[in-house]
Structures are given as structure tokens and as C-alpha cells.
Amino acid sequence: MSSDRDLNRPKVAIIPHAGIALSHVLRGIALQRLLHDRFDTLLALPTKAKAFLTSHFRDLRCEWVSWPFGHNDALDSSFGATITQLRGTASQLEKIFAAFSPDFAIGLPGFHSSFLCEMLGVRHIAVLHGPWLLPEYRLERPSRDEKAVLDAWERSIEITDTATRLIAFAMGHRYCGYRQWLEEQRAVIAQEFAINYW
């Protein structure tokens, strides 16, 4: 098990989601370094980031999991393939959690990992990487570019909601939409963007 272990400290598993830019993965690495002195930490990183991370973070200790999620490429896979991948990811995390026994998990941003942790009986905290992930977030006079980004985000949430409802149903769970998820989840909204990853 690749972790930073101390039996006297709380144990936290950090589960970054991986999109095209890998920014969640970098935030996960920064978060592990931030928590290092107070927690026994384990990074569960997506295999899609392996080439980048082994090139730029050669000494990084982590567990690798197949991670089929990413809002950037959500429509690239069929629902059947996503469900099959989800079951595989859940099985991998179950083995990692059985060996590590985390007191809780932190997902970045935590939308999909919250469902997996619920399935596995592990407490979960979602770290949303900015206030624009809230439906109530509005700019008073958005520029054309800002409006385009926020409009794309709303469309992404609508697509994610539809897909997640179908996937949750197929997995025997219930999902009632992003707004209700925000109300029910333990979530932190990060405000600090001056992060040193190196």
C-alpha cells in the first residue's frame, strides 16, 4: 500500500477526478502535501494521468485506479461502458480502502467519488474548486468570454445530471440532480488559487 502511514493520526484518502487538463490531480497532490503533517494520507490517482505524473512527479507515492469520469469527455463512452468501468473502479477502490481503512475521503471536486464512497460506506467530503460550481453563482456584468464559460458549465451540468440519473438507476441507486446533491453533501468551496504544486 502506497501511503504515508502513522497509526495515531486520522486517515484520509484523496481522490482527484481527472479531466483533460489534470488540474484536479494537481490539486490533489497539493492537498496531500498540505495535510501531510496532520493526517495519514493516501492518494488514489487515475491511470489516465500516469504518464504525466511519472514524468513530472517521479517520487510520488500513490495507488492507481481506472477512472472513467470526466466532464470534458463525458460523451465519449457509451453508458454500458461507463457502468462497466464504474464497477471496476468501485472494486479497485474497495480493495484500496480495505487495506488503508480511511476515516474519510476527499474528492476533488468530488461529484462522482461521492457516489463511490457512499457505495463503499466511506465518509466523503467534496472540494469544489470555485464558487462558479454553485447554481447561484452569477456575475453582475459578465464579459462575452465569462458568459460563454458559465453557459458551457450549465450545459455540462445538465448533461451530467441526465447521464448520472441513468447510471445511478443502472447501479441500483438514486440521484435527484446536482442541486439536491449540493444540499446533501459535505462540501467545501476552495477560494485560494495561489497554490504551489512544486
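The figures that follow rest on heavy atoms only: side chains count, while hydrogens, waters and symmetry mates do not. Just so it is clear, the model here is predicted, and its values are computed rather than measured.
Applying the side-chain contact (heavy atoms from CB on, under 4.5 Å) rule to Phe104 yields the partners Val12, Phe39, Ile106, Arg123, Ile125; only residues at least two apart in sequence or on another chain are considered. A search for side-chain hydrogen bond (donor to acceptor under 3.5 Å, both in side chains) contacts involving Asp161 returns Tyr175, not counting sequence neighbours. For Lys147, the salt bridge (Lys or Arg N to Asp or Glu O under 4.0 Å) criterion is met by Asp151, not counting sequence neighbours. Remark: Ala90 engages Leu116, Met119 in a side-chain contact (heavy atoms from CB on, under 4.5 Å) (not counting sequence neighbours). Checked against side-chain hydrogen bond (donor to acceptor under 3.5 Å, both in side chains), Trp181 has the following partners two or more places apart in sequence or in another chain: Ser114. Scanning for side-chain contact (heavy atoms from CB on, under 4.5 Å) contacts around Glu146 gives Leu139, Pro142, Ser143, with sequence neighbours left out. Under the side-chain contact (heavy atoms from CB on, under 4.5 Å) criterion, Thr47 pairs with Trp64, Ser66, sequence neighbours left out.
Using modelled atom types, one side-chain atom of Thr89 and one backbone atom of Gln85 make a donor-acceptor pair closer than 3.5 Å. Between the side chain of Arg27 and the main chain of Leu22, no donor-acceptor pair closer than 3.5 Å is present. Of the possible polar contacts, none joining the Arg174 side chain to the Arg165 backbone as a donor-acceptor pair under 3.5 Å is found. Side-chain N or O atoms of Asp103 include one that pairs as donor or acceptor with a backbone N or O of Lys11 at under 3.5 Å.
Cluster annotation: Phe169 and Phe115 are assigned to distinct hydrophobic clusters (Ile/Leu/Val/Met/Phe/Trp/Tyr, side-chain heavy-atom contacts under 4.5 Å, transitive). In the hydrophobic clustering of this structure, Phe52 groups with Leu31; members are Ile, Leu, Val, Met, Phe, Trp, Tyr whose side-chain heavy atoms approach within less than 4.5 Å, directly or through other members.
Glu63 and Leu42 get closest at one heavy-atom pair: CG-CD1, 3.9 Å. The two residues Gly28 and Pro16 make their nearest non-hydrogen contact at CA-CG, 3.9 Å. Nearest heavy atoms, Leu43 versus Gln32: CD1-OE1, 3.2 Å. Considering every non-hydrogen atom in both Leu35 and Thr41, the closest pair reads CB-CG2, 4.1 Å. Across every non-hydrogen atom of Val25 and Ala49, the tightest pair is CG2-CB, 4.2 Å. For Ala126 against Gly110, the heavy-atom pair with the smallest separation is CB-CA, 4.0 Å.
Atoms CG and OG, from Asp40 and Ser101 in turn, are 10.0 Å apart once rounded to the nearest 0.5 Å.
Side-chain atoms of Thr164 and Phe111, non-hydrogen and from C-beta on, do get closer than 4.5 Å to each other. Put simply, the side chain of His112 reaches to within 4.5 Å of the side chain of His17, judged on heavy atoms. Contact of the Ile15 side chain with the Leu108 side chain is not registered, since no non-hydrogen atoms from C-beta on lie closer than 4.5 Å.
Enclosure of atom CZ in Arg38 is not indicated, since only 12 or fewer non-hydrogen atoms of other residues, nucleotides or ligands lie within 6.0 angstrom. Around the CD atom of Gln92, the shell of radius 6.0 Å holds more than 12 heavy atoms that belong to other residues, nucleotides or ligands.
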Trace of the side chain to side chain contact (heavy atoms under 4.5 Å, CB included) decision for Phe57 with Leu45: CA-CA 12 Å; Phe57 295 87; Leu45 296 177; over 6 Å; no

Please determine whether side chain to side chain contact (heavy atoms under 4.5 Å, CB included) holds for the pair Ile29 and Leu53, giving the CA-CA distance in whole Å, both sets of side-chain angles, and the decisive distance to 0.1 Å. CA-CA 10 Å; Ile29 293 168; Leu53 293 173; 3.7 Å; yes

As a quick check of understanding, evaluate side chain to side chain contact (heavy atoms under 4.5 Å, CB included) for Cys117 and Leu93, giving each step before the final call. CA-CA 9 Å; Cys117 286; Leu93 278 178; 5.9 Å; no

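For the 3.5 Å distance criterion, the side chains of His124 and Ser113 qualify, holding a donor opposite an acceptor. Counted by atom type alone, Thr54 and Arg58 present zero donor-acceptor pairs between their side chains at under 3.5 Å.
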